[in-house]
4 protein chains.
Amino acid sequence: MAEARKPVPGARTDARRNKEALLKAAASAFVASGVDVPVREIAALAGVGVATIYRHFPTRADLVVAVYRLQVEACVETGKALLARGSQPYAALVEWVDLFVDFLVTKHGLAEALRSEDATFQALHSYFLDNLLPVCGDLLAAARSAGEVRGDIEALELMIGVGNLCIGVNKDIPYDARRMVGVLLAGLRPE
Amino acid sequence: MAEARKPVPGARTDARRNKEALLKAAASAFVASGVDVPVREIAALAGVGVATIYRHFPTRADLVVAVYRLQVEACVETGKALLARGSQPYAALVEWVDLFVDFLVTKHGLAEALRSEDATFQALHSYFLDNLLPVCGDLLAAARSAGEVRGDIEALELMIGVGNLCIGVNKDIPYDARRMVGVLLAGLRPE
Amino acid sequence: MAEARKPVPGARTDARRNKEALLKAAASAFVASGVDVPVREIAALAGVGVATIYRHFPTRADLVVAVYRLQVEACVETGKALLARGSQPYAALVEWVDLFVDFLVTKHGLAEALRSEDATFQALHSYFLDNLLPVCGDLLAAARSAGEVRGDIEALELMIGVGNLCIGVNKDIPYDARRMVGVLLAGLRPE
Amino acid sequence: MAEARKPVPGARTDARRNKEALLKAAASAFVASGVDVPVREIAALAGVGVATIYRHFPTRADLVVAVYRLQVEACVETGKALLARGSQPYAALVEWVDLFVDFLVTKHGLAEALRSEDATFQALHSYFLDNLLPVCGDLLAAARSAGEVRGDIEALELMIGVGNLCIGVNKDIPYDARRMVGVLLAGLRPE
DNA sequence: GATGAATGAGCCTTCATTCAT
DNA sequence: GATGAATGAAGGCTCATTCAT
């Protein structure tokens with residue numbers, strides 16, 4: 001229905017504007033209070049009504065995905081580029097993982113959400129995996145083929161592990177996710 | 001409901017019995033729904049009124065700590081024993097960490113709670129750290145002195161990392177926390 | 001219950017209508033059960049959900065103040081008019097106090113609330129005092145200047161005394177607050 | 001039943017000791033937190049179990065009455081003495097009322113309780129009135145007979161008024177109940 | 001007689017979500 | 001399309017009162 005009729009260009013412009021304000025607001029709110037920040041808070045921040053959020057993003061997962069889509073895509077692209085480079089596959093894997101970690105670590109609450117049991121976040125989880133797993137899988141396979149990493153670790157497991165290590169950053173605790181991920185990757189070396 | 005109530009009409013003597021029933025119920029409830037399961041749910045499971053929980057465990061943290069106290073203590077004891085053994089400090093560290101992981105992994109939701117930002121769990125977090133950190137620190141120091149592990153990783157960071165890797169087990173996802181912790185520990189090796 | 005709900009399905013326009021229904025319901029509830037009547041009761045009486053109350057009146061004090069605002073304002077206005085009249089300041093004071101008493105006496109529970117130690121009602125107390133004290137003060141000062149009342153009683157003390165005398169009316173006890181306030185005012189006469 | 005059997009003197013001694021501890025504790029608790037202080041608090045203060053309170057004082061009113069019985073009786077006695085004096089009936093009334101006010105004012109929360117609508121305090125209210133009203137009535141009648149006070153105020157009304165004026169003392173508000181009662185009594189003078 | 005453990009009703013408050021305008 | 005008012009379920013916590021020991 002709604003999609004079928006694109007007659008009032010002005011309204012559409014407003015809608016897009018709104019959607020972008022929403023994404024910006026949500027991004028802030030997610031960073032400040034986690035991805036399970038009250039809907040009202042996001043709406044207020046964006047200067048729109050709550051229902052507007054529901055219109056554009058029926059579920060919370062939709063909103064979260066939308067907020068992080070660009071960065072996920074960038075991550076995918078960079079991964080492909082690293083892969084295309086062909087040489088030094090372990091270094092490429094490390095580089096890519098570092099990128100992924102940078103992404104997670106700067107999104108307070110995202111890593112947590114990815115691990116959440118809450119059904120609300122299932123779609124979020126899927127989105128990340130659907131997009132990033134292939135890339136990670138290829139990078140890992142390349143490293144494995146070159147004999148640069150042990151062969152018993154699967155990409156999914158690695159991604160989950162890395163994601164988990166990124167949880168809880170930004171607290172006042174002396175915990176450096178990047179360093180721990182570095183240790184994990186070092187542990188990937190054969191023998 | 002009503003039938004479930006009146007667990008053992010007696011009192012004085014049964015206070016302890018009741019407390020234990022509560023601990024058992026809480027343990028189940030924690031596993032099933034996380035440590036932030038509604039108080040009412042635990043009470044129902046234990047067949048007691050909510051106030052009974054509040055009597056025995058004024059705050060939620062008290063309850064959680066009580067539920068895991070024995071196992072934390074066992075973990076501490078084993079750690080001391082391993083330390084006393086003196087030889088092969090890296091192996092001892094690995095053995096102890098495996099124990100810690102076994103503990104966390106079988107307590108669905110505990111690792112998550114340990115990372116929770118919720119003030120309610122601050123005491124829980126402290127309890128774990130106060131008790132386990134010294135042991136882990138000693139084991140790590142021993143391994144470090146023997147030159148068996150790299151020197152730039154602190155015990156707190158290691159414990160948090162290990163704890164994080166234990167999050168989200170028990171889902172239907174093929175993720176083996178023990179294996180990932182193994183990788184992390186392998187990454188601790190020097191060079 | 002369910003039938004009572006859905007007062008007027010409309011919204012935007014009816015927000016005010018709803019708010020007024022709420023005020024009316026609250027007024028009744030306050031009279032019937034005191035100003036610390038459960039929120040749920042007011043909501044039920046108004047035929048709205050509890051959250052609707054919280055939307056319109058974030059704190060209980062807000063609601064109480066709203067309920068009595070008009071009358072307080074009227075009391076202030078009348079007081080100013082009496083003051084402007086200039087002549088017979090003691091008579092003016094009596095007239096104004098009678099008005100105040102009429103107000104309190106018909107609001108079973110209000111006088112009590114004004115004296116409540118509950119922090120919830122601090123704002124209510126302040127509201128009344130902030131608005132009525134100046135008027136009372138001026139009337140009293142005028143009477144004092146004219147030598148029509150003794151000089152050692154302050155307006156605040158008088159208002160509190162009058163308010164206290166209005167407590168507990170409407171019970172089945174033969175107590176006439178108006179008459180007692182009359183006695184109090186008579187006692188204000190010099191010598 | 002219980003009254004019929006007075007065999008175990010030891011137990012009875014304990015019981016009386018307990019009762020007195022309870023009265024002392026209740027007195028403190030009433031002053032500190034009002035007469036509706038939680039039962040548990042009183043019990044804790046007295047170092048007894050809650051049930052012990054219920055045994056000795058089935059209702060809260062029983063406890064409150066017991067706590068103030070001595071003072072009420074003293075008030076009655078003094079009243080009778082003043083009455084017996086015969087001369088200067090208005091002065092006697094004032095003196096007695098001052099006594100009553102001293103009593104109320106030093107019992108934070110008592111005046112409030114006397115006016116409370118809570119059914120729990122009905123018995124308290126009755127006790128006070130049953131005992132004090134006759135005395136007050138006699139003193140007032142004497143003054144009235146002597147033409148020292150106006151004739152349209154009944155003793156009950158006076159007592160309630162005085163009681164009301166004693167409410168809310170001890171707050172940080174500059175309100176002197178004794179002075180206001182003085183004004184009220186002055187207002188009682190004829191003409 | 002005394003104890004204090006247990007009960008459970010009851011209150012406040014928050015938030016996701018719907019829906020009439 | 002946007003709005004934001006309204007809903008009502010849900011959860012935490014307290015306290016008077018009962019009752020087995």
Side-chain angles (χ1 to χ4, degrees), chain A residues 2 5 8 10-12 14-15 18-19 36-41 43-44 47-56 58-60 120, chain B residues 1-2 5-19 22 36-41 43 47-56 58-60 120, chain C residues 1-2 5-19 36-41 43 47-56 58-60 120, chain D residues 2 8 10-12 14-15 18-19 36-41 43-44 47-56 58-60 120:
Chain A
R5 121 172 54 109
V8 192
R12 293 198 61 85
D14 278 10
N18 250 336
K19 194 161 184 174
D36 49 0
V37 60
V39 175
R40 296 264 256 273
E41 216 162 288
V48 304
V50 285
T52 303
I53 297 189
Y54 283 95
R55 168 179 299 279
H56 289 298
T59 74
R60 180 178 292 266
T120 317
Chain B
M1 270 192 187
R5 236 4 77 65
K6 297 171 188 171
V8 177
R12 213 58 7 87
T13 313
D14 294 0
R16 185 169 35 167
R17 198 181 309 255
N18 229 329
K19 192 164 185 172
L22 223 31
D36 50 359
V37 60
V39 174
R40 292 232 239 280
E41 213 163 292
V48 304
V50 286
T52 302
I53 296 189
Y54 284 99
R55 166 182 292 278
H56 289 297
T59 74
R60 180 179 292 268
T120 318
Chain C
M1 269 192 186
R5 240 357 82 64
K6 297 172 186 170
V8 177
R12 213 57 9 84
T13 313
D14 292 2
R16 186 169 36 165
R17 196 182 310 255
N18 229 330
K19 192 163 184 173
D36 51 359
V37 60
V39 174
R40 291 241 243 279
E41 214 163 290
V48 305
V50 285
T52 302
I53 296 189
Y54 283 97
R55 166 182 293 278
H56 290 297
T59 74
R60 182 178 292 267
T120 317
Chain D
V8 192
R12 293 197 61 85
D14 280 8
N18 251 335
K19 195 161 182 171
D36 49 359
V37 60
V39 176
R40 296 266 255 277
E41 217 162 287
V48 305
V50 285
T52 303
I53 296 189
Y54 283 95
R55 168 178 299 278
H56 290 297
T59 76
R60 181 178 292 266
T120 317

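Only heavy atoms go into these numbers, but all of them, side chains included; no hydrogens, no water, no symmetry mates. Numbered from 1 within each chain, the chains take letters A, B, ... in sequence-line order.
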* Asked: In whole Å, what is the span from the CD atom of Glu41(B) to the C1' atom of dG8(E)?
  -> 18 Å

* Could you pull out the closest heavy-atom pair between Arg60(A) and Val39(A), with the gap in Å? => NH2-CG2, 3.5 Å

* Structure fact -> Heavy-atom nearest nucleotide on DNA chain E taken for Arg40(B) and for Lys19(B); more 5' hit belongs to Lys19(B)

* **Protein-nucleotide distance (Arg17(B), atom CZ; dA6(E), atom P), rounded to Å** => 12 Å

* Asked: How do Gly47(A) and Val50(C) order along DNA chain F: which one's closest nucleotide is nearer the 5' end?
  -> Gly47(A)

* Asked: Should Arg55(B) be listed as having a side-chain N or O under 4.0 Å from OP1 or OP2 of dA5(E)?
  -> yes

* Asked: In dot-bracket form, how is DNA chain E paired, counting a Watson-Crick or G-U wobble pair only if both its distances are under 3.5 Å and using | for bases paired to another strand?
  -> .||||||||||||||||||||

* **Interatomic distance, Tyr54(D) OH vs dA20(F) P [rounded to whole Å]** => 17 Å

* Asked: Is any side-chain nitrogen or oxygen of Thr52(C) closer than 4.0 Å to OP1 or OP2 of dA5(F)?
  -> no

* Asked: Rounded to whole angstroms, how far apart are CG on Asp36(D) and C1' on dA16(F)?
  -> 13 Å

* How long is the line joining CD1 of Ile53(D) and P of dT3(E), in whole Å? -> 10 Å

* Asked: Would you say the side chain of Ile53(B) lies within less than 4.5 Å of the side chain of Leu22(B), judging by non-hydrogen atoms?
  -> yes

* Could you give the distance from CZ (Arg55(B)) to NZ (Lys19(B)), rounded to the nearest 0.5 Å? -> 11.0 Å

* Please check the phosphate of dA2(F) (OP1 and OP2 only) for any side-chain N or O of Asn18(A) closer than 4.0 Å. => yes

* Structure fact -> Contacts of Ala51(C) and Pro58(D) projected onto DNA chain F by closest heavy atom; the upstream (5') one is Ala51(C)

* Using the closest heavy atom to pick a nucleotide of DNA chain E for each, name whichever of Gly49(D) or Val39(A) lands nearer the 5' end. => Gly49(D)

* **Nearest-angstrom distance from the residue atom CZ of Arg60(C) to C1' of dC12(E)** => 9 Å

* **Distance below 4.0 Å between His56(D) side-chain N/O and dG1(E) OP1 or OP2** => no

